[in-house]
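Some notes on the structure that comes next.
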Amino acid sequence: MKNRYQELLQIIKKSYAPYSHFKVAAIVETDKGNFSGVNMENSSYSLSMCAERNAIGSAITAGAKQITAIHLLALSKTKNKSAIPCGACRQVMAEFAKNDFPIYVYQSNGAMKEYSFKKLLPFAFTLK
């Protein structure tokens, strides 16, 4: 596993989070390469997009069919802790998780924790 903290620090600068000031960057590793994404807020919060789903959308657009790992960094002006993927992102991941894969979550100081996708979403709804 390659530590992607430095890459995430560069990507997170592109985050658009003027309301919550909670910036998130993701790198999705797939069978077609690596794809990045940032969160994108909207004044109508339900229209906001998570970094993970933006990165997955880019991967699918490029022809990827399988996620092999995800790296995630969240930064906030008021909180100094990491954030695991939300339920909606986990369900989107399940669509492209043909096997269990690691999710690496980084804190602002570079510390990293690894989670198993199946542990975060053991009963995913899928067509399989």
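Index from 1, following the sequence.
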Nearest 0.5 Å, please: how far is CE in M112 from CG in L8? 11.0 Å
Any heavy-atom pair between the side chains of K23 and V38 that's under 4.5 Å? no
In terms of hydrophobic clustering (I, L, V, M, F, W, Y; side-chain heavy atoms under 4.5 Å; direct or indirect links), are I27 and L9 co-clustered? yes
Minimum heavy-atom separation for S48 to N42, with atom names? OG-N, 3.0 Å
Of all heavy-atom pairs linking A59 and F35, the shortest is CB-CD1, 3.4 Å
Can you list the steps and then say if Y104 with E114 is a side-chain contact (heavy atoms from CB on, under 4.5 Å)? CA-CA 5 Å; Y104 302 102; E114 180 180 342; 3.5 Å; yes
For A55 against A26, the heavy-atom pair lying closest together: CB-O, 4.2 Å
Pairs where residues 34-59 contributes a residue and the test salt bridge (charged side-chain N to carboxylate O under 4.0 Å, His left out) is met, not counting sequence neighbours: none
Provide the closest heavy-atom pair for F22 versus A83 in the form atom of the first, atom of the second, distance. CZ-CB, 3.8 Å
Out of the candidates E7, K13, Q6, K14, only one should pair with Q10 under the side-chain hydrogen bond (donor to acceptor under 3.5 Å, both in side chains) rule; please name it. K13
Closest heavy-atom pair and its distance - I103, M93: CD1-SD, 4.0 Å
Would F117 and Y115 show up in the same hydrophobic cluster when neighbours are defined by side-chain heavy atoms closer than 4.5 Å? yes
Heavy atoms of T30 and N34 approach each other most closely as N-OD1, 4.4 Å
Under 3.5 Å, side chain of Y106 to main-chain N/O of A74, donor-acceptor pair present? no
Does the side chain of L72 reach to within under 4.5 Å of the side chain of I84, using non-hydrogen atoms? no
M40-L73 co-clustered via ILVMFWY side chain contacts under 4.5 Å: no
Pair E29 + R4, salt bridge at N-O below 4.0 Å: yes
Is the count of non-hydrogen atoms from other residues, nucleotides or ligands lying under 6.0 Å from F123 atom CZ greater than 12? no
Could you see if M49 belongs to whatever hydrophobic cluster contains I56? Use Ile, Leu, Val, Met, Phe, Trp, Tyr and a side-chain cutoff under 4.5 Å. no
Give a yes or no on whether the backbone of S15 and the side-chain of N39 come within a donor-acceptor separation of less than 3.5 Å. no
